[in-house]
Amino acid sequence: MRTPLFDLDHTLDSGQVFRWRREGEWWHGVVRGRYMRLRQDGDRLEVDGASEDMVAHYFRFDDDLEEIYADISKDERIASVIDRFRGLRLIRQDIWECSASYILASYSNVPRIKKMIDSVCRTYGQEIEEGAFSFPTPEEILEGEADIACCRLGYRADWLRGYASMVYSGEFDLYELATKDYRGAVEYLKSVKGIGDKVADCIALFSLDHLEACPVDVRIARAMRDIYGVTGSYNKVASYARRHFGRFAGYAQEYLYIAEDPSRKVRSCSCTPGTRSSGP
DNA sequence: AACCAGGTCTCGA
DNA sequence: TCGAGACCTGGT
C-alpha cells in the first residue's frame with residue numbers, strides 16, 4: 001500500500017510498542033491477535049497478515065503529520081528533533097494490551113520490558129503462528145496464576161493480576177474508559193494499583209487518542225530540564241509541556257523521547273582532551 | 001561492579 | 001498536597 005509521510009523503523013523503534021522485532025528488512029509482530037509482517041520501501045508499505053484499513057488505523061495515517069509538526073514546532077530545539085525523526089508516528093494500540101503493558105513497564109528499561117511482555121505472552125497467550133503468541137486476555141492471565149513467577153515481573157506481578165481481575169470482573173470497565181475525556185480517563189486509570197501519573201498518561205496517549213497527554217519519564221524530565229529549564233513535580237513538568245506544545249503535546253513528547261535514546265544520542269565532544277578523570 | 005531504568009506506593013508533615 | 005524511601009530485576 002502507499003503511505004502518507006511515515007517512517008516504519010523510527011515508529012516501531014521508538015519505545016511505544018514492545019512486541020515488534022526486526023528480521024532483515026521485515027518487521028514481525030502481533031496486533032489484536034493477528035500475526036503480521038511489514039516492510040517499507042519509500043512510500044510503499046508491504047503488508048502481510050492484515051488489511052490496509054487495519055494498518056492505516058494502527059499507524060494513525062489519519063493524523064496529518066505536517067499539520068502536527070507545524071503546530072508543535074514552537075522552538076528550534078523541537079523543530080530540529082522533528083527534522084531528525086521525520087515520519088515517526090504515534091501508534092493506536094489496543095487499550096487492554098497497552099494498559100497491561102505499561103503497568104509492567106514501570107521503573108524498568110525497554111529491553112527488559114520486551115522480555116517481560118514476551119514471557120507473559122508465551123505463558124498465557126495463544127500460539128497463533130509458530131513462535132508468535134497473542135497478548136493474553138484478563139481471563140487467561142487469571143487462569144494460570146501459578147505460572148506468574150516464571151515471567152520475572154518482580155513486584156509488578158501483583159499489579160498485573162490485580163488489574164486483570166478488575167477488568168475481568170467488570171469493576172474496571174475498558175469501554176467506559178474509552179468514553180472519558182483526558183482528565184477523566186487519567187483519574188479513572190489511577191484507581192488501579194500500579195497505574196500512576198506517568199502510566200496513565202502513556203495509556204491515554206497510546207490507546208485512548210488523547211494526543212495532549214504528555215508522559216514524563218526520566219528522559220523527558222531530562223529534556224525538559226536541559227532545553228526549557230523546567231523541573232519539579234510530575235504535574236508541573238507535564239502541564240508545562242502541554243501548555244508549551246499544545247494539543248499535540250504527545251507527539252512532541254515521542255520525538256523528544258526517541259531523541260534522548262542513549263544508544264542514538266550524538267556524543268558531544270567527548271574527544272576534548274583534559275577532561276578525563278583518571279585516577280591518581 | 002555500581003548505577004540506572006517509559007514509576008508507584010506508602011507514610012509523615 | 002508534597003517530598004522522601006523502599007522496591008524486584010536485569011541492562012549497560
Side-chain angles (χ1 to χ4, degrees), chain A residues 10-21 81 85 88-95 97-120 123 147-163 166 172 183 186-208 210-211 213-226 230-242 249-265 267 270 277 279:
Chain A
H10 286 158
T11 299
L12 293 183
D13 232 5
S14 59
Q16 22 172 354
V17 281
F18 306 104
R19 303 207 58 215
W20 288 91
R21 69 174 198 281
V81 170
F85 296 101
L88 163 59
R89 284 175 181 273
L90 290 175
I91 290 173
R92 193 177 269 122
Q93 302 184 41
D94 172 73
I95 299 174
E97 176 170 340
C98 180
S99 49
S101 295
Y102 275 90
I103 284 176
L104 299 181
S106 106
Y107 198 35
S108 190
N109 52 66
V110 174
R112 185 181 170 206
I113 295 163
K114 287 180 173 171
K115 284 190 176 176
M116 288 191 288
I117 293 174
D118 186 61
S119 96
V120 165
T123 305
D147 303 321
I148 197 90
C150 66
C151 295
R152 313 299 296 167
L153 309 180
Y155 53 74
R156 302 167 195 79
D158 287 338
W159 290 345
L160 178 65
R161 281 188 308 194
Y163 181 48
M166 286 174 78
F172 190 86
R183 301 281 178 187
V186 165
E187 186 186 16
Y188 189 40
L189 282 163
K190 284 172 68 178
S191 70
V192 177
K193 285 267 182 291
I195 300 183
D197 292 311
K198 159 44 170 76
V199 169
D201 270 339
C202 286
I203 298 163
L205 178 62
F206 298 137
S207 71
L208 298 171
H210 297 309
L211 301 187
C214 186
V216 177
D217 73 313
V218 176
R219 287 191 208 174
I220 298 302
R222 191 161 49 223
M224 293 304 291
R225 167 171 58 78
D226 294 348
V230 181
T231 58
S233 71
Y234 184 94
N235 278 297
K236 184 180 166 195
V237 178
S239 60
Y240 178 93
R242 285 197 300 275
Y251 259 101
Q253 176 274 157
E254 201 55 35
Y255 280 77
L256 289 175
Y257 182 80
I258 193 174
E260 284 288 321
D261 184 340
S263 66
R264 295 172 191 273
K265 211 62 172 150
R267 302 210 293 158
S270 59
S277 57

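Protein chains get the first letters and strands the later ones, always in sequence-line order, with residue 1 at the start of each. Just so you know, these numbers come straight off a predicted model, no measurement behind them.
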Can you sort out the partners of [X] under ring-ring contact (aromatic ring centres under 6.0 Å, His included), two or more places apart, ordered by chain and number?
{"X": "Trp159(A)", "value": "Tyr155(A)"}
{"X": "His10(A)", "value": "Phe85(A)"}
{"X": "Phe172(A)", "value": "Tyr163(A), Tyr188(A)"}
{"X": "Tyr255(A)", "value": "Tyr69(A)"}

What distance, rounded to whole Å, do you find between the two [atom1] atoms, one in [N] and one in [M]?
{"N": "dG6(B)", "M": "dG5(C)", "atom1": "P", "answer": "23 Å"}
{"N": "dG7(B)", "M": "dT12(C)", "atom1": "P", "answer": "15 Å"}
{"N": "dC9(B)", "M": "dG10(C)", "atom1": "P", "answer": "22 Å"}
{"N": "dA6(C)", "M": "dC3(B)", "atom1": "P", "answer": "15 Å"}

Holding to salt bridge (charged side-chain N to carboxylate O under 4.0 Å, His left out), I want the full list of residues that pass it with [X], two or more places apart in sequence or in another chain.
{"X": "Arg112(A)", "answer": "none"}
{"X": "Asp158(A)", "answer": "Arg161(A)"}
{"X": "Asp13(A)", "answer": "Arg264(A)"}

Exercise. Once you round it to whole Å, what is the distance between P of dG7(B) and CG of Asp197(A)?
Worked result: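 Atom-to-atom, Asp197(A) to dG7(B), this comes out as 13 Å.
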
For this session: Please report, rounded to the nearest Å, how far the P atom of dT8(B) is from the OH atom of Tyr163(A).
Result: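 Those two atoms, OH and P, are 14 Å apart.
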
Exercise. Shortest non-hydrogen contact from Ser207(A) to Gln93(A)?
Worked result: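 Taking Ser207(A) first and Gln93(A) second, the nearest heavy atoms are CB-O, 3.3 Å.
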
Problem set entry | All pairs passing salt bridge (Lys or Arg N to Asp or Glu O under 4.0 Å) where residues 189-203 of chain A contributes a residue, at least two apart |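 Counting only pairs at least two positions apart or across chains, the salt bridge (Lys or Arg N to Asp or Glu O under 4.0 Å) contacts touching residues 189-203 of chain A are Lys190(A)-Asp197(A).
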
Heteroatom pairs (N/O) under 3.5 angstrom, protein to nucleotides 9-13 of chain B:
from	atom 1	to	atom 2	distance (Å)
dC9(B)	OP1	Gly194(A)	N	2.8

For this session: With pairs defined as Watson-Crick or G-U wobble and both distances under 3.5 angstrom, please note down DNA chain B as a dot-bracket string, | for pairing with another strand.
Result: .||||.|||||||

Seminar exercise, completed: Protein heavy-atom contacts under 4.0 Å, written 5' to 3' over nucleotides 2-12 of chain C as B (base), S (sugar-phosphate only) or - (none), form the string -----BBBBSS

Exercise. Residues two or more places apart in sequence or in another chain: which of them pass side chain to side chain contact (heavy atoms under 4.5 Å, CB included) with Arg225(A)?
Worked result: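 Testing Arg225(A) for side chain to side chain contact (heavy atoms under 4.5 Å, CB included), a comparison that skips the adjacent residues, returns Arg222(A), Thr231(A).
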
